[in-house]
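Worksheet for the structure shown next.
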2 protein chains.
Amino acid sequence: MSTKPTNTSTDKAAYLAARDEFIAQWGALGSAWGINRTMAQIHALLMISPQPLSTDDIMEDLQISRGNAHTNLRELTGWGLIRSVIRKGERKEYFEAEKDVWKIFCIVTRERKRREIRPAIGVLKDCIERTETLRDPDAAVFTKQTRALLEFVEMADSILSKIARSEQSKVVPWALKWFK
Amino acid sequence: MSTKPTNTSTDKAAYLAARDEFIAQWGALGSAWGINRTMAQIHALLMISPQPLSTDDIMEDLQISRGNAHTNLRELTGWGLIRSVIRKGERKEYFEAEKDVWKIFCIVTRERKRREIRPAIGVLKDCIERTETLRDPDAAVFTKQTRALLEFVEMADSILSKIARSEQSKVVPWALKWFK
DNA sequence: ATGAACTTTCACTAAATACTGAAAATTCAA
DNA sequence: TTGAATTTTCAGTATTTAGTGAAAGTTCAT
């Protein structure tokens with residue numbers, strides 16, 4: 001049996017390196033999905049933070065300006081992904097993230113539905129309405145394709161709604177049974 | 001009963017207006033999801049075009065430069081969302097889009113899995129591996145949270161894989177039964 | 001009521017991303 | 001094989017998006 005050295009400061013350094021990697025990559029992932037990098041990084045930081053953090057903590061940790069930190073903290077609050085907590089006898093505002101992965105999923109789903117899917121459905125409906133009675137043959141092709149898109153997006157929307165309204169304890173075992 | 005005037009040129013104008021709206025909004029939607037606006041617009045244009053279009057057609061329609069059109073046509077080809085068709089006796093390359101909405105969904109799912117979800121899984125695994133044996137209590141919180149994320153992302157990934165491998169004719173009736 | 005602590009705003013700057021257009025490379029009909 | 005047609009590249013530019021920091025605004029313990 002080999003003895004493993006457990007130097008505390010080495011551990012801390014290894015942890016901090018992994019943590020930085022995680023924050024950086026979470027930011028990059030956000031970028032790829034149309035979410036501001038800093039917003040995603042702050043979210044990552046708060047998700048893994050054992051305690052709530054203040055704006056100053058976040059500014060220091062991520063090396064960003066007050067304005068930037070502030071804007072993105074508000075944005076995350078708007079999404080419902082973080083909430084502010086106040087400590088008694090302190091003026092400063094602290095922030096903590098929702099940590100339950102299922103809840104995070106539900107929040108993101110709900111918000112993207114509201115912000116992007118619903119408007120898209122509106123546009124598709126509008127396009128169909130404006131062209132379905134036209135005699136032009138190109139218009140007919142257009143209407144057909146937008147109808148197919150609408151049908152699909154509406155189905156996806158209703159599936160997501162139903163899933164995001166469910167309890168994780170109901171969905172996950174079911175999903176594992178069907179998809180594992 | 002009112003008679004509806006069916007002036008052909010009015011119809012054409014109404015169609016073109018709806019079509020432009022669709023292209024513009026599809027572009028905006030792409031942007032919100034981290035896809036280059038022009039790429040999404042070209043995709044929209046080809047999805048609703050009755051015939052394959054050449055680079056020049058697209059340049060003119062969307063009022064973009066050759067370089068821009070070219071780059072984004074290649075990118076779309078890389079995703080597998082469009083393919084080039086050559087007409088016999090002609091040098092020019094034409095492009096047509098996959099129009100089947102289910103197939104489009106499968107392609108986008110497969111590509112985003114490959115480009116973003118798989119790397120994310122890699123990062124999470126790496127973070128867990130590097131921290132799971134550390135004694136630091138913050139590291140323990142970190143490992144726990146990244147594990148929860150990994151578990152969730154892997155489940156989502158396998159569900160998407162399974163769905164995207166299925167036939168629409170199998171999935172849609174099933175989905176409607178469960179989620180409508 | 002005061003003013004220190006803290007939050008918010010916003011004009012300006014920086015960085016990232018997308019686009020242009022012309023030149024170089026390639027292709028293929030004649 | 002030639003050269004006109006077409007595709008590809010890419011250095012330079014434009015546009016969009018994100019970030020800064022200082023000043024203005026707000027809040028609350030005293």
[X] near the nucleic acid: base, sugar-phosphate alone, or nothing, with a heavy-atom cut-off under 4.0 Å?
| X | result |
| --- | --- |
| A:Thr71 | nothing |
| B:Asn68 | base |
| A:Arg74 | sugar-phosphate |

Bounds of contact between DNA chain D and chain A, in 5' to 3' order, using a heavy-atom cut-off under 4.0 Å:
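Contact boundaries, 5' end first: D:dA18 to D:dC28.
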Grab the [atom1]-[atom2] distance between [X] and [N] for me, whole Å please.
| X | N | atom1 | atom2 | value |
| --- | --- | --- | --- | --- |
| B:Gln41 | C:dA18 | CD | P | 13 Å |
| B:His70 | C:dA23 | NE2 | P | 18 Å |
| B:Ile64 | C:dG21 | CD1 | P | 12 Å |
| A:Arg87 | C:dA5 | CZ | P | 18 Å |
| B:Leu62 | C:dT20 | CG | P | 10 Å |
| B:Met59 | C:dA18 | CE | P | 20 Å |
| B:Asn72 | C:dT20 | CG | P | 10 Å |
| A:Gln63 | C:dA15 | CD | P | 15 Å |

Taking ring pair (Phe, Tyr, Trp, His ring centres under 6.0 Å) as the cut-off, I'd like each qualifying pair that reaches into [range], sequence neighbours left out, listed once.
| range | value |
| --- | --- |
| residues 135-171 of chain B | A:Tyr15-B:Phe142, A:Phe22-B:Phe142, A:Phe105-B:Phe152 |
| residues 109-134 of chain B | none |
| residues 66-86 of chain A | none |

Between [X] and [Y], is there a side-chain N and carboxylate O pair less than 4.0 Å apart?
| X | Y | answer |
| --- | --- | --- |
| B:Asp157 | B:Arg118 | yes |
| A:Glu116 | A:Arg110 | no |
| B:Asp11 | A:Arg135 | no |
| A:Asp61 | A:Arg19 | yes |
| B:Lys125 | B:Glu154 | yes |

Taking only residues two or more places apart in sequence, or in another chain, which ones meet B:Glu90 in a salt bridge (charged side-chain N to carboxylate O under 4.0 Å, His left out)?
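So B:Glu90 forms a salt bridge (charged side-chain N to carboxylate O under 4.0 Å, His left out) with B:Arg87.
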Can you give me the N/O atom pairs linking the protein to nucleotides 27-30 of chain C at distances under 3.5 Å, or say none if there are none?
unit_1	atom_1	unit_2	atom_2	d
C:dT27	O2	B:Arg91	NH2	2.2
C:dC28	O4'	B:Arg91	NE	3.3

Of B:Ala69 and A:Glu93, the one whose closest DNA chain C nucleotide lies more 5':
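With B:Ala69 and A:Glu93 compared, the 5'-side residue is A:Glu93.
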